[in-house]
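Each ligand, and each atom within it, is numbered from 1 in the order the structure gives. What you see is a predicted model, and the numbers here were worked out from it, not measured in a lab. Only heavy atoms go into these numbers, but all of them, side chains included; no hydrogens, no water, no symmetry mates.
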Amino acid sequence: MSRPLRIEPLTAEGFAPFGEVIETADRDWYPINNGSTQRYHALARVETGPADGAAIISIFRARRLDYPLTIAMLERHPHGSQAFVPLRGEPFLVVVAPPAAVPDAGAIRVFRTDGRQGINYQAGVWHHPVLALRDEDEFLIVDRAGSLPNCDEFFFAAAECPTLAL
Ligand SMILES: NC(=O)N[C@@H](O)C(=O)O
Ligand code: NI
């Protein structure tokens, strides 16, 4: 049985080594549209990397995986950031490891969002593919399109795979 992972509530401070939290709670805003709208400006930056990189917007509709979940792999996008914004107000799980040549299974951290928070992975941050906590959950995605390959996958040795229980 590999090491069980602890689930932390998502905070901007806790997630700072991996990217930004996209939220309005306790964030600054300024009035626009003649005062009818509050702009929470530049909560995260979109990285599109070299060459012909461009920011695109997609929607992911994700199935809930079965738990306990074996974290067999992580991936990273070396040339661009990747943002996930929940469209159904549901919490989801974020599994990350610090940028490195290969991910350190011992350095994996798990965060649970509050249903209103989104996240933006900075380029190169190791993460697990999206982990919805309800079936057919939907996310708005802002990430990079371009001609360069932009998804490295790393598979842990079987004995090294951590386990994620809810
Ligand atoms: N592959 C893909 O577009 N999705 C992953 O990058 C993910 O983080 O879910
Ligand atoms: Ni990804």
Side-chain angles (χ1 to χ4, degrees), residues 5-12 14-23 42-156 160-166:
L5 293 167
R6 179 170 63 92
I7 300 177
E8 307 170 56
L10 180 67
T11 64
F15 193 68
F18 311 104
E20 301 99 337
V21 175
I22 301 168
E23 61 183 342
L43 294 172
R45 296 194 70 82
V46 181
E47 299 169 87
T48 55
D52 60 349
I56 57 170
I57 296 176
S58 310
I59 287 178
F60 285 10
R61 180 176 293 151
R63 179 172 57 81
R64 185 188 189 278
L65 301 183
D66 295 329
Y67 291 84
L69 177 71
T70 297
I71 304 296
M73 60 81 67
L74 296 181
E75 63 174 34
R76 67 178 175 185
H77 309 299
H79 300 308
S81 56
Q82 186 174 49
F84 291 77
V85 179
L87 294 177
R88 293 176 173 266
E90 295 286 341
F92 64 103
L93 295 180
V94 179
V95 177
V96 288
V102 295
D104 174 0
I108 286 177
R109 291 180 65 186
V110 183
F111 299 95
R112 180 186 173 99
T113 71
D114 67 4
R116 299 185 60 176
Q117 298 165 311
I119 54 106
N120 183 52
Y121 298 124
Q122 287 166 357
V125 166
W126 290 104
H127 59 278
H128 193 279
V130 64
L131 290 173
L133 288 175
R134 55 155 283 177
D135 249 350
E136 304 291 294
D137 203 1
E138 294 185 342
F139 303 84
L140 188 81
I141 311 299
V142 181
D143 59 7
R144 178 193 187 273
S147 54
L148 293 174
N150 190 35
C151 187
D152 300 334
E153 294 183 332
F154 181 86
F155 291 82
F156 294 111
E160 199 185 19
C161 297
T163 304
L164 178 53
L166 299 182

List every atom of ligand 1 that sits less than 4.0 Å from any heavy atom of H127, numbering the atoms from 1 in the order shown and giving each element.
-> 8 (O)
With the Ni ion (ligand 2) at the centre, find the angle made by NE2 from H77 and NE2 from H127, to 10°.
-> 100°
Based purely on interatomic distance, does Q82 place a nitrogen or oxygen under 3.5 Å from a nitrogen or oxygen of ligand 1?
-> yes
In E75, the N/O/S atom nearest the Ni ion (ligand 2) carries the name OE2
Side chain, backbone, both or neither: the part of Y121 lying under 4.0 Å from ligand 1 by heavy atom | neither
Shortest protein contact, atom 7 (C) of ligand 1 (heavy atom only) | E75 OE2, 3.2 Å
Closest approach of A123 to P78 (non-hydrogen atoms, all atoms of both residues) | CB-O, 3.8 Å
Which heavy atom of the protein is the closest neighbour of atom 9 (O) of ligand 1, given with residue, atom name and distance?
-> V130 N, 3.1 Å
Provide the number and element of each atom of ligand 1 under 4.0 Å from a heavy atom of H77.
-> 6 (O)
More than 12 heavy atoms from other groups under 6.0 Å of CZ on R45 | no
Subset of ligand 1 atoms that lie under 4.0 Å from at least one heavy atom of P129 = 7 (C), 8 (O), 9 (O)
Residue and atom name of the nearest protein heavy atom (relative to atom 3 (O) of ligand 1), distance in Å to one decimal = F60 CZ, 3.4 Å
For atom CZ of R88, decide whether the heavy atoms of other residues, nucleotides or ligands shown that lie under 6.0 angstrom number more than 12.
-> yes
Whether D135 side chain and R64 backbone form a donor-acceptor pair below 3.5 Å = yes
Could you pull out the closest heavy-atom pair between F111 and P9, with the gap in Å?
-> CD2-O, 3.9 Å
With a cut-off of 2.8 Å, does D143 place any N/O/S atom under that distance from the Ni ion (ligand 2)?
-> no
Do D143 and ligand 1 have an N or O pair less than 3.5 Å apart?
-> no
Would one find an N, O or S atom of Q82, in either backbone or side chain, under 2.8 Å from the Ni ion (ligand 2)?
-> yes
Under the 3.5 angstrom rule, does the side chain of T113 hit a backbone N or O of F92 as a donor-acceptor pair?
-> yes
Can you tell me if CZ on R61 sees more than 12 non-hydrogen neighbours from other groups inside 6.0 Å?
-> no
Is Q117 reaching over with its side chain to a backbone N or O of L10, donor-acceptor style, under 3.5 angstrom?
-> yes
Please determine which of V85, L87, V130 meets the side-chain contact (heavy atoms from CB on, under 4.5 Å) test together with F139.
-> V130
